[in-house]
Amino acid sequence: MTAIAPIDRASGQDLSFLASPRYAPLFETTEAAVVLVAPDLAETPGKVRARVIVDKPHEALLALLPRLYVPPVRIAGIHPTAKVGRDVRLAEGVTVEAYVVIGDGAVIGEGSWLESHVVVGRDVVIGRDSRLHPGVVLYPGARLGDRVQIHSGARIGSDGFGYVYRNGAHEKIPHVGRCVIENDVEIGANTTIDRGSIDDTVIGAGTKIDNLDMVAHTGRIGRLCLLMAQVGIAGSARVEDGCILAGQVGVSGHITIGRGARLAAQAGVFGSIPAGETWSGYPARPHREALRAQAAMFKLPSLIRALERLVERDDKR
Amino acid sequence: MTAIAPIDRASGQDLSFLASPRYAPLFETTEAAVVLVAPDLAETPGKVRARVIVDKPHEALLALLPRLYVPPVRIAGIHPTAKVGRDVRLAEGVTVEAYVVIGDGAVIGEGSWLESHVVVGRDVVIGRDSRLHPGVVLYPGARLGDRVQIHSGARIGSDGFGYVYRNGAHEKIPHVGRCVIENDVEIGANTTIDRGSIDDTVIGAGTKIDNLDMVAHTGRIGRLCLLMAQVGIAGSARVEDGCILAGQVGVSGHITIGRGARLAAQAGVFGSIPAGETWSGYPARPHREALRAQAAMFKLPSLIRALERLVERDDKR
Amino acid sequence: MTAIAPIDRASGQDLSFLASPRYAPLFETTEAAVVLVAPDLAETPGKVRARVIVDKPHEALLALLPRLYVPPVRIAGIHPTAKVGRDVRLAEGVTVEAYVVIGDGAVIGEGSWLESHVVVGRDVVIGRDSRLHPGVVLYPGARLGDRVQIHSGARIGSDGFGYVYRNGAHEKIPHVGRCVIENDVEIGANTTIDRGSIDDTVIGAGTKIDNLDMVAHTGRIGRLCLLMAQVGIAGSARVEDGCILAGQVGVSGHITIGRGARLAAQAGVFGSIPAGETWSGYPARPHREALRAQAAMFKLPSLIRALERLVERDDKR
């Protein structure tokens, strides 16, 4: 077997799975070599060559994936179209693909992989075995650890959004802090992480960031956090280790999300959150409190007239 | 006439329009060749060479646009700087502009147009007459139909955000599903659509997606949907045919938005929505219910003191 | 002194600062040449070579930054890999870096700087001393003023999201309006600004726009506005001069945000807002009113049972 595929498009070398009766009719026509089948579907008729009965085919598959999945082949070498600046140190075994541009003084560690059109700013440092997908831009001041993976179109170390209003104009504050991405971080497509103003912006080791997220200047994200898509972290906010932020969450500047806290999707967080708690809603509150307030709010319309009458009558007394 | 322009900057070959008395003074100075004029402004003084009285100048203009608008000229051919991998099949009449990179085994259909800096991953399939604007990246596993249009900076088929927490680390789950974009889909600038985990991510035929949207792994968007800007669809969510999602809507994972449903801007959807309904708010509810709850909520502050007193007095009895 | 750095990583040529007792222990080991110290920390022991006592070290630093900060060196010239179309007018002293693509008829003013991989569409006009960071794409129809700065991955002048439903399909409305970016505007990474449908989209002089923002077709943003990250402005909305929109704000189409108004983070704005006011929440209301409604809403759960009983009893009377 060479791959995993859904049952309707599995070929003769593929492993597939049947977990829902909805797809049982496809069992007659699939060409899959082996199919993992849920116990209650074990007797599904079909000409499948081999069926393996497992409790949870989907989970079994996830466990098999890393064994079957062939990671993409990387060939070491510098493509002739790559433009490499002065005093750049490229370690052994790096891959630099077509149309990559590397600024003066950059340092790139062993086994790192810069896919096509990547732009690496002046003096940027990249550790070992890191991978930048096509079109990633690292601004000057970015510093990546080992085994970092950055997806296509992400912008790392862009200028922070800082101005002083003076003489009738928003005057730009130069940003000189770094943007530090520690080991084993993965950053999603088109995400932007600004450099620090004076102190650094830091993404802690092992943290995973989804697509279209924004971490503003001097944000500090701890270790092993998960930030789902379209999350925004304002300037100088601190997210401690092991936090989980669901999609479209917004976190205000200069506050702290305590260790291991969880924020539900679209939560709007305007104050610090204690460690270990789950908050939700706008403005964010402890999840149970938010749910109770929402439930009460949706009961209110049917009561409001009667309540107004009660209050009115009471006032007249 | 060669173009359409607002009345203040129309030149002697342009068609323009006058629909609001606010712009009537410009009628004296405009150089427009022809002006469409609303009936109530028909007598506006001015030296305009030709005026055409129409009920709704703006709508008339929209109808004229496709006739007057000259689509950009495409010249077939492969730019010498394009890097084309092994076993790539380019149909006749394709256009591949400067600095395009096409991975091994890709297939590109007749009349398709890859603008500058586009990156096409290994084994990607693109149908006929599709157009990729500058800097689009198609990851391996992407599969585009005919007449698909993808705007600048969109990332199609990026890895899904899936990890298993094991041995003190978030271990990445390989993503091997495809990212299927059916015929006549248009995708906006900087939007990201992840590939499926095992099953495919699918964007149905004729659906239009705006800028900065996110469709997560194994999302299924039906046919003829409209997704406005900054919408986020979490993993394995299903949006059925003909739905309209307004800006900044968030849809949770593993739920279904029924056929033809509409979601108001910023709606936060945490459960499935029946076909044909309009929902809004956070958490999303049927639109009327949401409006009534909001109205009641904004009446509440003026009542709350009196209500607290009533309840307190009642408790003492 | 050549740079500013946090106290823990300042080298012998750096200026640093000590504003919090938390960092006082680092005073023993820092190599900083000069440290700005808050009055209450003036006596902190340490081998620092020079200490300057100032009231607010952080603010003093911000004031010093523009003097110490060495802007990146720009070398005029056209990189041999740049592809320049026909009838392009490049003023003296422009910088065009590697792999830039400039369409036919474009005009680029004196001292402007196109970093690597920038794509400039046909007939685009760029003023003087503007800077486009790597990978910026200007669609045809874009028109930039002087001293405009656009960050990496921003898409300026992309097609608006406009369709007419006809014959079972969403038919695209051609967009022929321009996308006008006036003088001294700065636009953040991966932000998208669509061109107008017929009239122009305009970003007023001196306005600053953060990362991942979206301004839809024919939006009009006034002068000296600040739009924080992930803000979305729907079609034909008008934001007057001097407005401040915090992160993740959404503004509906065809409404007006009055001069100098402020919108709190995540506000969902469905109607026009008077000049000078501060609004927040969903749906957005004047900030005080929104706060009072939220406070009442969170008091409601503890009252709702008693209120239901009161109303029920009253009904029976």
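We name chains A, B, ... by the order of the sequence lines, and we start the count at 1 in each one. The basis for the numbers below is simple: all heavy atoms, side chains too, and nothing from hydrogens, waters or symmetry mates.
For the set G196(B), P174(B), A306(B), the entry with the most heavy-atom pairs within less than 4.5 Å of chain A is P174(B). Chain A forms more heavy-atom pairs under 4.5 Å with one residue of K172(B), E171(B), R122(B) than with any other, namely K172(B).
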Run the numbers on E186(A) and H170(B) for side-chain contact (heavy atoms from CB on, under 4.5 Å), then give the verdict.
CA-CA 10 Å; E186(A) 183 163 1; H170(B) 295 298; over 6 Å; no
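For T81(A), the part lying near chain B is the side chain, with the backbone staying farther off; criterion is any non-hydrogen pair under 4.5 Å. With a 4.5 angstrom heavy-atom cutoff, L310(A) touches chain B via backbone and side-chain atoms both. Contacts between D210(A) and chain B at a heavy-atom distance below 4.5 Å involve backbone atoms as well as side-chain atoms. Proximity to chain A (any heavy atom under 4.5 Å) is restricted, for V249(B), to the backbone atoms N, CA, C and O. At a 4.5 Å heavy-atom cutoff, the contact between L212(A) and chain B is made by side-chain atoms alone. With a 4.5 Å cut-off on non-hydrogen atoms, R305(A) does not touch chain B at all.
A distance of 11.0 Å separates CD1 of I102(B) from OG of S116(A), quoted to the nearest 0.5 Å. Atom CD of Q230(A) sits about 9.0 Å away from atom CD1 of I233(B), to the nearest 0.5 Å.
By the 4.0 Å N-to-carboxylate-O rule, D314(A) lies too far from R309(B) to be salt-bridged with it.
V101(B) places none of its side-chain heavy atoms less than 4.5 Å from the side chain of P134(A).
With N190(A) contributing its side chain and G153(B) its backbone, the two residues share a donor-acceptor pair below 3.5 Å. In this structure a side-chain-to-backbone donor-acceptor pair under 3.5 Å is missing from H117(B) to G135(A). Without hydrogens or angle criteria, Y282(A) side chain to Y282(B) main chain gives no donor-acceptor distance under 3.5 Å.
Within residues 221-229 of chain A, the residues having any heavy atom less than 4.5 Å from a heavy atom of chain B are, in residue-number order, L224(A), C225(A), L226(A), L227(A), M228(A), A229(A).
When every heavy atom of G250(B) is checked against every heavy atom of Q248(A), the shortest pair comes out as CA-OE1, 3.4 Å.
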